[in-house]
Amino acid sequence: MKAMLLAAGRGERMRPLTDSCPKPLLKVRGRPLIVWHILNLVKAGITEIVINHAHLGQMIVEALGDGSQFGASIQYSAEEQALETAGGIAKALPLLGDAPFVVVSADIYIPHFNFKECLNTLEENDPWGNPHPPEQRDIAWLYMVKNPSFHPQGDFALTLMGLANEGEPRLTFANIGVYRPEMFASIKAGEYAKLGPLLRDYIDAGRVGGELYRGDWHNVGTPEQLQALNAPLQFTQGKA
């Protein structure tokens, strides 16, 4: 399995920090956000990584190089202007190949996520070994988290059958997903396209599965959030 790290966003809410540094290179606990993902992917045996970039993208290329310093092989998909998530993935498809791949937003902080979990999400066969018809098999698998305070309404409902656009309780998309490349086949290379509408269409068709991730997860969106993550750890000593 290959991985794609989404690193093309401008990071408007993170200004002025992102005026001179791409958001994925901002550091949490001494390590750039994007490097946390690279190291965890390599730990899971996922070493072929594609990174898209736009704003200050050359700084990302210079910092990460070919990935050999991390035990990875990194290729880049440059965008003159950010194409949004689905557009960025569609442009990078020639680098991602024909098999399912995992996509992660480079600006989330999820230090303990085990990417080995992604390897067996989109099954080709049913439990008895019979192939799923191509038009019926899951085309995407999303990781969900409990709704953070800044997004109390959530994104999708998680049911026994997969994800639903309506229903309760609702959860928030963690910005980690596994996708089949054919999901993006209708988007032309270089076309601006958001992921949300595409996901909702396939969810309505019953072709998106998912699960709840219960570990640490942070969407690092503002300087205040970044500062809070980098604050000294507080330890309290119990009384004898």
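Residues take their numbers from the sequence shown, with the count starting at 1.
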Participant: Counting only heavy atoms not in Gln227, do more than 12 sit closer than 6.0 Å to its CD atom?
Facilitator: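 Incorrect, the count does not exceed 12.
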Participant: For the pair Asn147 (side chain) and Arg170 (backbone), establish whether a donor and an acceptor sit closer than 3.5 Å, ignoring hydrogens and angles.
Facilitator: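 Side chain of Asn147 to backbone of Arg170, a donor-acceptor pair under 3.5 Å: yes, one is there.
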Participant: Atom CD of residue position Gln81 - does it have more than 12 heavy atoms of other residues, nucleotides or ligands inside 6.0 Å?
Facilitator: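 Result for CD/Gln81: open.
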Participant: Of all the heavy-atom pairs spanning Trp217 and Pro148, show the shortest one and how long it is.
Facilitator: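 Nearest heavy atoms, Trp217 then Pro148: CZ3-CG, 4.1 Å.
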Participant: Minimum heavy-atom separation for Leu56 to Asp19, with atom names?
Facilitator: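 Taking every non-hydrogen atom into account, CD1-O, 3.9 Å.
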Participant: Is there a side-chain contact between Lys146 and Arg214 (heavy atoms, below 4.5 Å)?
Facilitator: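 When only atoms from C-beta onward are counted, Arg214 and Lys146 do touch, with a gap below 4.5 Å.
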Participant: Could you walk me through whether Leu93 and Phe101 pass the side chain to side chain contact (heavy atoms under 4.5 Å, CB included) check?
Facilitator: CA-CA 10 Å; Leu93 283 180; Phe101 49 83; 4.0 Å; yes
Participant: Evaluate salt bridge (charged side-chain N to carboxylate O under 4.0 Å, His left out) for Arg13 paired with Glu224, printing each intermediate quantity in order.
Facilitator: CA-CA 10 Å; Arg13 292 189 301 142; Glu224 293 74 22; over 6 Å; no
Participant: Just wondering, do Lys194 and Thr85 contact through their side chains at under 4.5 Å, heavy atoms?
Facilitator: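 Of all side-chain heavy-atom pairs linking Lys194 with Thr85, none is under 4.5 Å.
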Participant: Honestly curious: do Ile187 and Val208 fall in one hydrophobic cluster under the side-chain, below-4.5 Å linking rule?
Facilitator: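 Linked, Ile187 and Val208 end up in one cluster.
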Participant: What's the shortest heavy-atom distance between Met144 and Leu171, and which atoms?
Facilitator: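 Minimum heavy-atom contact is CE-O, 3.5 Å.
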Participant: Please report the shortest heavy-atom distance between Pro100 and Leu122, naming the atom on each side.
Facilitator: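 Of all heavy-atom pairs spanning Pro100 and Leu122, the closest is CB-CD1, 4.0 Å.
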Participant: Quick one: side-chain hydrogen bond (donor to acceptor under 3.5 Å, both in side chains) pairs with a partner in residues 104-114, sequence neighbours left out?
Facilitator: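 Only Lys23-Asp107 qualify under side-chain hydrogen bond (donor to acceptor under 3.5 Å, both in side chains).
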Participant: Under a 4.5 Å side-chain heavy-atom rule over Ile, Leu, Val, Met, Phe, Trp and Tyr, are Leu6 and Phe184 clustered together?
Facilitator: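 Linked within one cluster.
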Participant: Do Phe156 and Thr172 make a side-chain contact, defined as non-hydrogen atoms from C-beta onward lying under 4.5 Å apart?
Facilitator: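 No, every pair of side-chain atoms sits at 4.5 Å or beyond.
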Participant: Do His53 and Pro22 come close enough that some side-chain heavy atom pair is under 4.5 Å?
Facilitator: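 Not in contact.
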Participant: Any non-hydrogen side-chain atom of Val102 less than 4.5 Å from a side-chain atom of Leu41?
Facilitator: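 SC-SC contact between Val102 and Leu41 confirmed.
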Participant: Considering only heavy atoms from C-beta outward, does the side chain of Leu163 approach that of Phe173 to under 4.5 Å?
Facilitator: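 When only atoms from C-beta onward are counted, Phe173 and Leu163 do not touch, as no gap falls below 4.5 Å.
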Participant: Any heavy-atom pair between the side chains of Ile108 and Leu33 that's under 4.5 Å?
Facilitator: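 Side-chain contact under 4.5 Å: no.
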Participant: For His37 versus Leu5, what's the shortest heavy-atom pair and its separation?
Facilitator: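 The answer is CB-CD2, 3.9 Å.
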Participant: Quick check, are the ring centers of Phe113 and Tyr143 under 6.0 angstrom apart?
Facilitator: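 Between Phe113 and Tyr143, the centre distance is under 6.0 Å.
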Participant: Considering non-hydrogen atoms only, spot the tightest contact between Tyr192 and Ala82 and give its length.
Facilitator: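 Smallest interatomic distance, heavy atoms only, reads CD1-O, 3.9 Å.
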Participant: Any side-chain heavy atom of Tyr202 sitting closer than 4.5 Å to one from Asp204?
Facilitator: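 Sidechains of Asp204 and Tyr202: no contact.
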Participant: Can you confirm whether Glu80 is buried at CD, in the sense that more than 12 heavy atoms of other residues, nucleotides or ligands lie under 6.0 Å from that atom?
Facilitator: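 Result for CD/Glu80: open.
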